[in-house]
Structures are given as structure tokens and as C-alpha cells.
Amino acid sequence: MIFEVVNRELCVGAIRVTGISSSSLLMVGDTNSIQLTSLFDTPPESLIIGPFVPLTPGG
Amino acid sequence: MNRTAKVDFLKVDSAGLSSVIQIGDSTHIYALNRAIAVQRQHELFYSHEGNFNRFGIFSYALPIPSIDEPITIQSTALQPMIKVGSIDVIGISSTAILHIGNSKYIQGEARTLHIRQLETAEKNEETEIDQTAEVE
């Protein structure tokens, strides 16, 4: 595959962003490859109703 | 041909949790963030708890496509500058990247497990009764 790009004038006044989060990218420039992944899990068993026991201790 | 990025003004209020602010060119960026977010009904924090190995989300293999495809990229930069007047960001977090300049490979990975802990139903009812008693 041949991918042809012609970059002409690019001029931006102002960029205002509230937040960049969880594998996001704000880029001014050129790059070859970007691979961003984000996993968010809140399974049914993550809702624990009962006494406040600590999670498994770190090990 | 790579272009030059020109940013006159940059303001970032906060950056945290494996985030990157890169001014200038880079070749490789790899950012990883793992988080167990626990919300409890009451203010309670045990400092030594949680084990990433116990939760599948942290070891789940990512279905990332390979980047070895034979692509011929022909890029022509008629204007060698990207001009930006100002960038104003309130916060960057959890493997977020703010990059001014050129790069080659950028990789980011964020894994978050969200856990909620609530009190037992009977206890909740008791609290409700207490609250009504206070109102009366």
C-alpha cells in the first residue's frame, strides 16, 4: 500500500481542553504509529454489599 | 519529512498517574497505568490492600494489531511548520500524553478496576430510620 500525504499550512489559534485521560493523546506534530488502549472494568462482583473488609493484601 | 511544531503558550494545571508532557521530539513513548478504584460508603482507607494479580483485567492480553504492515508512506510538507497560538489544559491523567513535537512510536495502556463497597441493607434501613427520627 502506498499512502501519500501532502501537509499544507496548519495554523491553530487556541486549544482549550478540560481533561486528557485514560490513554488519550493530544499531539502537535507528526508520528509514525500510535497504539492507545484503555480498559475499564466494573463487573457484578465488584459491587460488594456487606461489612467493609479490606481487599486482598498486596503481595 | 517531519514538520516543526511551534506553540506560543502552554498551560497545564495538573499531570499525574503515568501521564507524559513531552516538549520536543521523541522516538518511543510507552506509558502504563494500573488502578484499582475503590469507593466505600464510608470514609475508610486501608493503606496495604489490593493485589493486581487477583483481578483478570490486569493480565488480560490486549488485542493490539501488529504494526508490521508493509505501508509506503510518502509525505510532503509544503509548509514546514505547525503553528498553535495557545494550549490550555486543566488536567492530564492515567496514561495521557501531551506531545509537542514529532515522534515515532507512541503506546499507552490504562487499566482500571472499579469496586464499590456498600453497607448491608439492614444497616442502611437503620440509618434511614435514624435520619427520619432526627428530622422529627
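Below, all heavy atoms of this structure are taken into account, side chains as well, without hydrogens, waters or symmetry copies. Below, chains carry the letters A, B, ... as their sequence lines are ordered, and counting in each starts from 1.
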Looking at [options], which makes the most heavy-atom pairs under 4.5 Å with chain A?
options	value
Arg111(B), His99(B), Gln79(B), Arg40(B)	His99(B)
Val38(B), Leu98(B), Val12(B)	Leu98(B)
Arg54(B), Lys104(B), Gln107(B)	Lys104(B)

Once rounded to the nearest 0.5 Å, what's the spacing between atom [atom1] of [X] and atom [atom2] of [Y]?
X	Y	atom1	atom2	value
Ile106(B)	Leu36(A)	CD1	CG	7.5 Å
Tyr60(B)	Thr37(A)	OH	OG1	11.0 Å
Thr112(B)	Phe40(A)	OG1	CZ	6.5 Å
Asn102(B)	Asp30(A)	CG	CG	5.0 Å

Top contributor to chain B contacts, counting heavy-atom pairs under 4.5 Å, from [options]:
options	result
Asp41(A), Leu25(A), Ile2(A), Ile34(A)	Asp41(A)
Asn32(A), Ile20(A), Thr42(A)	Ile20(A)
Ser38(A), Gly29(A), Ser33(A)	Ser33(A)

Quick check: is [Y] connected to [X] through a chain of hydrophobic side chains (ILVMFWY, heavy atoms under 4.5 Å apart)?
X	Y	answer
Ile15(A)	Leu10(B)	yes
Leu39(A)	Phe58(B)	yes
Met1(A)	Val5(A)	yes
Leu17(B)	Phe52(B)	no
Ile100(B)	Met27(A)	no

* To do: Test Leu78(B) against Val6(A) for side chain to side chain contact (heavy atoms under 4.5 Å, CB included), laying out the working first.
  => CA-CA 7 Å; Leu78(B) 297 180; Val6(A) 179; 3.7 Å; yes
Work out which heavy atom in [X] is nearest to a heavy atom in [Y]; give both atom names and the distance.
X	Y	value
Arg3(B)	Arg8(A)	NH1-O, 4.3 Å
Ser23(A)	Ala110(B)	OG-N, 3.5 Å
Ile49(A)	Glu119(B)	CG2-O, 3.3 Å
Tyr105(B)	Thr31(A)	N-OG1, 4.4 Å

Are the side chains of [X] and [Y] in touch, meaning some heavy atoms are under 4.5 Å apart?
X	Y	answer
Leu118(B)	Leu47(A)	yes
Pro43(A)	Leu113(B)	yes
Gln74(B)	Glu4(A)	yes

* Which answer fits Ile36(B), side chain, backbone, both or neither, if we ask what part of it has an atom under 4.5 Å from a heavy atom of chain A? ->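 The answer is the side chain of Ile36(B).
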* Pick one of side chain, backbone, both or neither for Val7(B), based on which atoms fall under 4.5 Å of a heavy atom in chain A. =>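 Val7(B) touches chain A through side-chain heavy atoms alone.
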Without placing hydrogens or testing angles, list every side-chain donor-acceptor pair under 3.5 Å for residues 82-95 of chain B, not counting sequence neighbours.
unit_1: Thr95(B); atom_1: OG1; unit_2: Asn33(B); atom_2: N; d: 3.4
unit_1: Thr95(B); atom_1: OG1; unit_2: Glu109(B); atom_2: O; d: 3.1

* To do: Could you go through the side chain to side chain contact (heavy atoms under 4.5 Å, CB included) check for Cys11(A) and Met81(B) one step at a time?
  => CA-CA 8 Å; Cys11(A) 194; Met81(B) 279 262 238; over 6 Å; no
Output side-chain donor-acceptor pairs under 3.5 Å for residues 61-70 of chain B, partner residues at least two apart or in another chain, one line each.
unit_1: Ser66(B); atom_1: OG; unit_2: Asp68(B); atom_2: OD1; d: 3.0

